Amino acid sequence: MSPTAPMLEHQVTSILTSDASSDGNCPASRSFAGSQSNNYIDEQADEFVEQQLFFVTSYSDFDKLAHGPRGHAAKYTLRVYRFLADGAVVLLHIAGEGERVINPAFSRFHPRLNVVYTCTEDIEENGQILAYEIHSDGSLTEIGRVDAGGTSTCYLTIDRDHRHLIAVNYWDSSLVVIPLSKSTGEFNGPIQNIYDPRQGKAMLACAKKDGGANHSMNDECTIAARQVDPHSHALVLDPFEGCVAYVPDLGKDLVREFWYDETKGMIGCEFNVLPSGMSTGKPDGPRYFEFHPKFNVAYVVNELSSTVAVFSIDRELLSEIASATKMGLPMDKFKGRSTLKLIQSIKTVPSAFPTTMNTCGRICTHQSGRYVIVSNRGHESITIFRVKQGCGTKGKAMRGTLAQVGFFHTRGETPRHFQFDHSGQFLIVANQDSDTIAVFSFNLTSGEIRYTGNEYHIPSPNFICCCPMVDRYSDDEDDQPYERVGYTFPTSEGDMRRSKVPSSVVVDSAKRNSLGYLNELEVAQKEIAELKTQLKLLS
């Protein structure tokens with residue numbers, strides 16, 4: 001299907017429509033969106049986090065990568081740290097001999113179990129997906145390893161029933177589904193479903209060491225080589241119904257919408273494709289897709305154009321697709337219909353900074369829903385945007401659109417990844433090419449970050465996974481059915497009564513509709529405490 005380019009004028013910041021999106025509410029103690037999207041956390045377990053560990057991965061063999069790191073190759077690729085209340089970290093464990101665990105580059109912590117998954121990045125041989133049980137002392141026990149079914153594996157998603165893991169392979173663009181044990185998190189077998197957007201056609205581009213382009217660059221020749229083939233870079237399931245998978249295709253400047261059958265664990269037909277940005281004629285390179293935790297809005301970070309595209313979500317169409325899925329109806333009638341509508345595009349770097357000297361890294365929404373954060377590789381910065389909370393009436397900006405807070409240097413080079421701690425008050429940045437991670441405090445009121453002085457040497461760090469450790473096994477929860485809960489946030493009569501965000505969690509029914517307010521109250525209390533501290537310093 002050939003997408004139709006919208007007749008829109010690109011600006012440094014451009015609001016494209018004044019339509020207001022409806023509110024949706026969901027548990028915000030761990031965001032379900034972003035480079036760690038669409039996973040659901042047990043709210044009760046979340047209240048009893050004993051400690052938080054960080055699982056950090058590194059590159060070990062640069063020749064096997066599509067891009068070209070400039071730091072040092074790691075002899076050991078896995079590290080586990082304990083995070084302390086003052087923003088410092090303590091190294092607990094080192095593992096992953098470089099030849100056995102090559103280039104692990106994306107990790108996912110299980111929403112309900114103390115299990116972490118990581119995948120290896122290799123453009124020559126199929127990636128591997130490894131599962132580790134992570135213990136409170138930081139030690140790791142490998143509990144499984146499966147073939148990823150494609151090359152340069154770059155993204156992992158766990159569906160909302162926790163019965164399937166979906167992997168994305170960047171180099172050959174394939175998408176695969178692997179069954180999981182709901183009780184242990186172990187792999188229940190090899191790949192059970194695979195989708196190949198190339199439909200069996202051979203890759204046109206060649207590897208970097210064979211004369212191909214270095215995908216770290218952003219010049220015209222490199223972009224031409226990067227975009228001769230499709231390159232899936234992520235897969236995010238919608239958090240409302242769990243039946244639509246959004247896949248940014250960096251090679252074709254598209255966001256693809258697929259039907260996902262969570263019962264069968266199958267990526268079905270492709271409903272629609274649409275441009276990932278303004279369709280200016282210049283490359284965008286969509287990298288990650290991120291849902292807002294409260295609003296019917298999603299964000300796409302475009303790696304090559306250094307922009308964030310903001311989309312409104314058609315909840316009615318999602319509900320229609322979900323109903324058709326439950327009734328076993330054919331999906332053909334949804335082809336050509338998109339659940340997304342572009343409403344804004346905004347730059348991630350200063351307007352005068354050359355776009356060819358930057359590529360975007362990660363995007364995430366802060367768990368409060370008030371900020372969107374992006375990393376810039378080249379500009380060496382974190383860009384923070386404030387999320388508009390209004391309804392788009394009387395000249396006000398539409399709810400969910402973005403306004404720039406500022407740019408903040410990351411104290412290193414090539415911030416490939418970053419991660420908030422569990423409280424949302426500290427930001428840890430992986431500076432890949434300066435071999436460091438740096439810790440910043442995050443001001444919940446202003447959205448600004450400040451360097452804490454805590455910096456740690458790690459060879460070529462590429463991903464930081466937050467692992468809040470809890471006693472998840474004491475009550476034999478795995479033997480109990482998990483109730484799927486909907487949160488209703490009444491902003492308009494009728495419409496929002498149908499706007500439920502399902503989640504596999506155990507929640508006391510009396511508290512079901514109050515959790516969203518409690519999350520907001522917790523953020524407000526933190527802000528008040530911070531203001532009191534600032535007033536004391538001034539007095």
Side-chain angles (χ1 to χ4, degrees), residues 35-36 39 53-61 64-65 73-81 92-135 137-159 162-172 174-192 194 234-235 265 416-417 419 430 458-467 469 472:
S35 46
Q36 305 225 17
N39 282 323
L53 305 181
F54 283 98
F55 179 84
V56 182
T57 55
S58 298
Y59 286 125
S60 58
D61 190 338
K64 293 182 179 293
L65 300 172
K75 182 178 180 181
Y76 296 94
T77 57
L78 308 177
R79 286 169 170 79
V80 180
Y81 293 83
L92 299 180
H93 186 57
I94 297 178
E97 291 80 2
E99 294 182 358
R100 176 169 167 75
V101 187
I102 300 173
N103 298 331
F106 188 96
S107 303
R108 172 78 66 192
F109 189 55
H110 195 284
R112 194 171 48 80
L113 304 171
N114 290 336
V115 174
V116 63
Y117 305 88
T118 194
C119 56
T120 63
E121 190 175 334
D122 188 332
I123 61 174
E124 297 175 336
E125 300 178 5
N126 280 4
Q128 297 288 309
I129 305 171
L130 299 94
Y132 294 96
E133 184 175 357
I134 184 168
H135 306 283
D137 63 355
S139 60
L140 300 168
T141 301
E142 184 175 326
I143 60 173
R145 179 186 293 238
V146 295
D147 190 288
T151 47
S152 197
T153 313
C154 65
Y155 200 88
L156 304 174
T157 291
I158 299 173
D159 67 14
H162 312 153
R163 296 187 184 278
H164 302 97
L165 181 144
I166 309 171
V168 178
N169 297 301
Y170 167 78
W171 188 248
D172 65 10
S174 58
L175 313 171
V176 302
V177 183
I178 299 165
L180 291 180
S181 165
K182 188 168 182 177
S183 60
T184 67
E186 295 174 285
F187 301 116
N188 262 353
I191 295 167
Q192 70 178 40
I194 187 166
L235 184 149
R416 183 178 184 84
H417 196 258
Q419 183 64 266
I458 301 177
S460 299
N462 55 38
F463 200 93
I464 303 170
C465 184
C466 182
C467 305
M469 302 295 291
R472 300 170 187 266

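Everything quoted here is computed from the prediction, not taken from an experiment.
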Taking Gln192 for its side chain and Gly265 for its backbone only, find out whether a donor-acceptor pair lies under 3.5 Å.
yes
So, does Arg112 use its side chain to make a donor-acceptor pair with the main chain of Lys182 at under 3.5 Å?
yes
Looking only at atom types and distance, does a side-chain atom of His93 sit under 3.5 Å from a main-chain N or O of Val80, one as donor and one as acceptor?
no
Measure from the side-chain N and O atoms of Asp147 to the backbone N and O of Gln128, and report whether any donor-acceptor pair falls under 3.5 Å.
no
Are the aromatic rings of Phe106 and Phe463 close, with centres under 6.0 Å apart?
yes
Kindly compute the distance separating CG (Leu180) from CG (Asp159), expressed to the nearest 0.5 Å.
7.5 Å
Polar contact flag, side-chain donor to acceptor under 3.5 angstrom, Asp122-Thr120
no
So CZ of Arg79 and CG of Leu53: to nearest 0.5 Å the spacing works out to 15.5 Å
Got a sec, which residues hit salt bridge (Lys or Arg N to Asp or Glu O under 4.0 Å) with Glu142, two or more places apart in sequence or on another chain?
Arg100, Arg145
Both conditions, 6.0 Å and 45 degrees, for the charged tip of Arg108 above the ring of Tyr155: are they met here?
yes
For the CG atom of Asn114 and the OG1 atom of Thr141, what is their distance to the nearest 0.5 Å?
11.5 Å
From CD (Gln419) to SG (Cys467), nearest 0.5 Å:
9.0 Å
Is there a donor-acceptor pair under 3.5 Å between the side chain of Ser152 and the backbone N or O of Tyr170?
no
Looking at Val101, is its backbone amide N or carbonyl O close enough to the side chain of Thr77 to form a donor-acceptor pair, meaning the two atoms are under 3.5 Å apart?
yes
For His135 against Leu140, the heavy-atom pair lying closest together:
CD2-N, 4.3 Å
What distance do His110 atom NE2 and Ile134 atom CD1 have between them, rounded to the nearest 0.5 Å?
14.0 Å
With Thr118 via side chain to side chain donor-acceptor pair (under 3.5 Å) - residues at least two apart:
Ser107
Between Ser174 and Asn169: side-chain donor-acceptor atoms closer than 3.5 Å:
yes
With under 30° as parallel and over 60° as perpendicular, where do the rings of Tyr117 and Phe187 fit, or are they tilted in between?
tilted
Do you know which two heavy atoms are closest between Pro459 and Ser58, and how far apart they sit?
O-OG, 2.8 Å
Partners passing side-chain contact (heavy atoms from CB on, under 4.5 Å) against Asp61 (at least two apart in sequence or in another chain)
Asp63, Lys64, Ile102, Asn103
